[in-house]
Amino acid sequence: MSVQRPTERPLATQRPARLDIDLATPEPIPAEGIAAATELLRTGRLFRYAEAGGRPSEAAAWEQEFAAYLGRRYAVAVNSCGAALYLALHSLGVRPGDAVLMNSWTLAPVPGAVAHAGARPVLVETTPALTVDLADLERQAAAHPGAVLLLSHMRGHIADLPAVAAVCDRHGLRLVEDCAHSLGGGWAGRPTGTFGAVGCFSTQTYKHLNSGEGGVLVTDDDEIAARAVLASGSYALYGQHTSRPPLEVLDALAPAEPNHSMRLTNLAAAVLRPQLRSLSDRVAGWNSRYARLADGLAGLPGVELPDRPAAEDFVGSSLQFFLDLPAPAIEAFCAEADSLGVHVKWFGAPRPAAFTSAHQHWRYAGRQSLPATDAVLSRLCDIRVPLALPLDCCDDVVSILRHALHSARTVPTKGN
Ligand SMILES: Cc1ncc(COP(=O)(O)O)c(C=O)c1O
């Protein structure tokens with residue numbers, strides 16, 4: 001792990017003022033989205049399909065715009081990224097009992113999607129750069145040739161995707177990218193979601209686009225797109241999709257595909273469309289805040305930031321750091337920061353808390369031995385970087401974390 005540690009600054013001892021900004025504050029929906037949603041509410045046409053004489057729906061337009069944004073042929077909108085991940089596995093032919101390789105550092109909806117398909121998660125180790133361990137991936141791929149690799153770009157940390165693709169090619173793995181945290185990011189100028197057979201995105205409130213709940217799957221493959229449209233719950237109304245393969249492909253597959261009722265509403269699509277247009281500005285806003293926070297944290301003794309390779313076009317909507325402290329002191333650090341308004345998540349916590357959990361907590365996925373991942377997660381902390389945080393308030397967050405670190409150092413631990 002490369003340690004970015006410029007001049008170390010002494011830890012503060014005076015208790016700083018509480019941060020009066022909630023780091024979980026979402027941005028307001030753009031006025032254009034509110035106007036489109038209001039218009040829809042007036043018509044009552046919130047369901048994406050019309051029974052007869054269908055006219056272009058917000059959901060269909062959203063799919064077309066999203067596919068065009070990523071430069072992929074098809075997009076299928078659904079009601080969550082977890083649903084999109086499940087549909088990706090299903091459409092790739094994953095069936096009960098199959099192995100699905102996945103990176104071990106991710107969140108519960110990912111092994112959940114594998115369980116939804118009745119498949120078996122096979123977890124691959126995580127490096128201190130917070131990406132999939134390519135050597136372990138090679139080993140697991142050799143043991144499961146032809147499997148699907150479900151790769152989360154977790155918290156926007158993007159692995160060397162050409163190297164991942166080379167492992168996939170060597171062993172016939174089919175790649176599904178979980179881009180819930182990486183919309184707007186990429187590797188060497190190529191967006192995430194365009195490297196695999198399928199890319200899946202989330203538009204749940206805390207992601208880079210916000211429709212409350214929502215997900216979207218992209219692919220260039222006719223059969224995958226057709227199966228995803230049908231299984232998402234299109235009834236015999238799939239002709240109303242405008243981002244879809246030719247009707248003959250859908251007609252031929254329709255009798256074989258169950259309807260899983262995972263549709264996105266027009267209302268969600270209406271609020272998403274204008275957000276996509278301003279995404280690049282928001283990415284710049286996240287990245288400037290990330291840079292300011294990272295700069296402040298890198299100077300604190302006992303704090304390390306993970307490597308961010310030059311080719312990684314990451315979106316800094318959250319920030320991860322390692323603490324060189326024993327578990328009770330990390331707990332004390334989180335409690336003190338929380339009392340000052342900065343909510344820190346710790347991936348080494350013994351129990352799931354709020355959205356955060358780790359592989360040991362997914363009993364349904366089966367116990368797996370992941371010593372390297374456990375060593376990484378035991379020291380890993382994480383904060384949100386919202387646009388609601390003014391740039392100069394990033395320094396207040398750093399002061400609070402510096403103070404919490406100082407308090408945590410005084411916590412007695414076993415043996416001292
Ligand atoms: C890494 C990751 N993948 C997938 C998902 C699923 O997203 P959704 O909430 O839209 O189902 C989440 C949700 O938080 C996530 O964190």
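If you're wondering where the values come from, they're calculated on a predicted model, not measured in any experiment. Note that ligands are numbered from 1 as they come in the structure, with each ligand's atoms numbered from 1 the same way. One is the number of the first residue; the rest follow in order along the sequence.
Inclusion of R155 in the set of residues having an N or O under 3.5 Å from an N or O of ligand 1 is not warranted. Remark: ligand 1 and E213 share no N or O pair separated by less than 3.5 Å (distance only, no angle test).
Against a heavy-atom cut-off of under 4.0 Å, S202 is close to the following atoms of ligand 1: 7 (O), 8 (P), 10 (O). Residue G214 has at least one heavy-atom neighbour below 4.0 Å for each of these atoms of ligand 1: 10 (O). Listed by number with element, the atoms of ligand 1 under 4.0 Å from a non-hydrogen atom of P109 are 5 (C), 6 (C), 12 (C), 13 (C). Residue A180 approaches ligand 1 through these ligand atoms, each under 4.0 Å from one of its heavy atoms: 2 (C), 3 (N), 4 (C), 5 (C), 15 (C). For ligand 1, the atoms closer than 4.0 angstrom to any heavy atom of T106 are 1 (C).
Rounded to the nearest 0.5 angstrom, D178 CG and L151 CG are separated by 8.0 Å. In this structure, CZ in F66 is found 9.0 Å from OG1 in T203, a value given to the nearest 0.5 Å. Considering CD of Q240 and CD of E51, their distance stands at 10.0 Å, rounded to 0.5 Å. The CZ atom of R72 sits 11.5 Å away from atom OG of S243, with the distance rounded to the nearest 0.5 Å. Between the OG1 atom of T242 and the CD atom of Q64 there is a distance of 3.5 Å, given to the nearest 0.5 Å.
In terms of protein heavy atoms, atom 11 (O) of ligand 1 is closest to G82 N, 2.9 Å. Here the heavy atom of the protein found nearest to atom 16 (O) of ligand 1 is H181 NE2, 2.7 Å. Atom 7 (O) of ligand 1 has C81 CB, 3.2 Å as its closest protein atom, hydrogens excluded (heavy atom only).
Annotation: cation-pi geometry satisfied between R384 and Y206 (NZ/CZ under 6.0 angstrom from ring centroid, within 45° of ring axis). A cation-pi arrangement is absent between R263 and Y49, since the terminal nitrogen or guanidinium carbon is not both under 6.0 Å from the aromatic centre and inside a 45° cone about the axis.
The option from H153, Q204, K207, M154 that lies nearest to atom 13 (C) of ligand 1, judged by heavy atoms, is K207. For the residues L107, D178, L150, T203, the heavy atom positioned nearest atom 4 (C) of ligand 1 is part of D178.
Contact between C200 and ligand 1 is absent, with no heavy atom of the residue lying under 4.0 Å from the ligand.
For the ring-ring contact (aromatic ring centres under 6.0 Å, His included) test with H208, the passing option among F201, F314, W286 is W286; the others fail.
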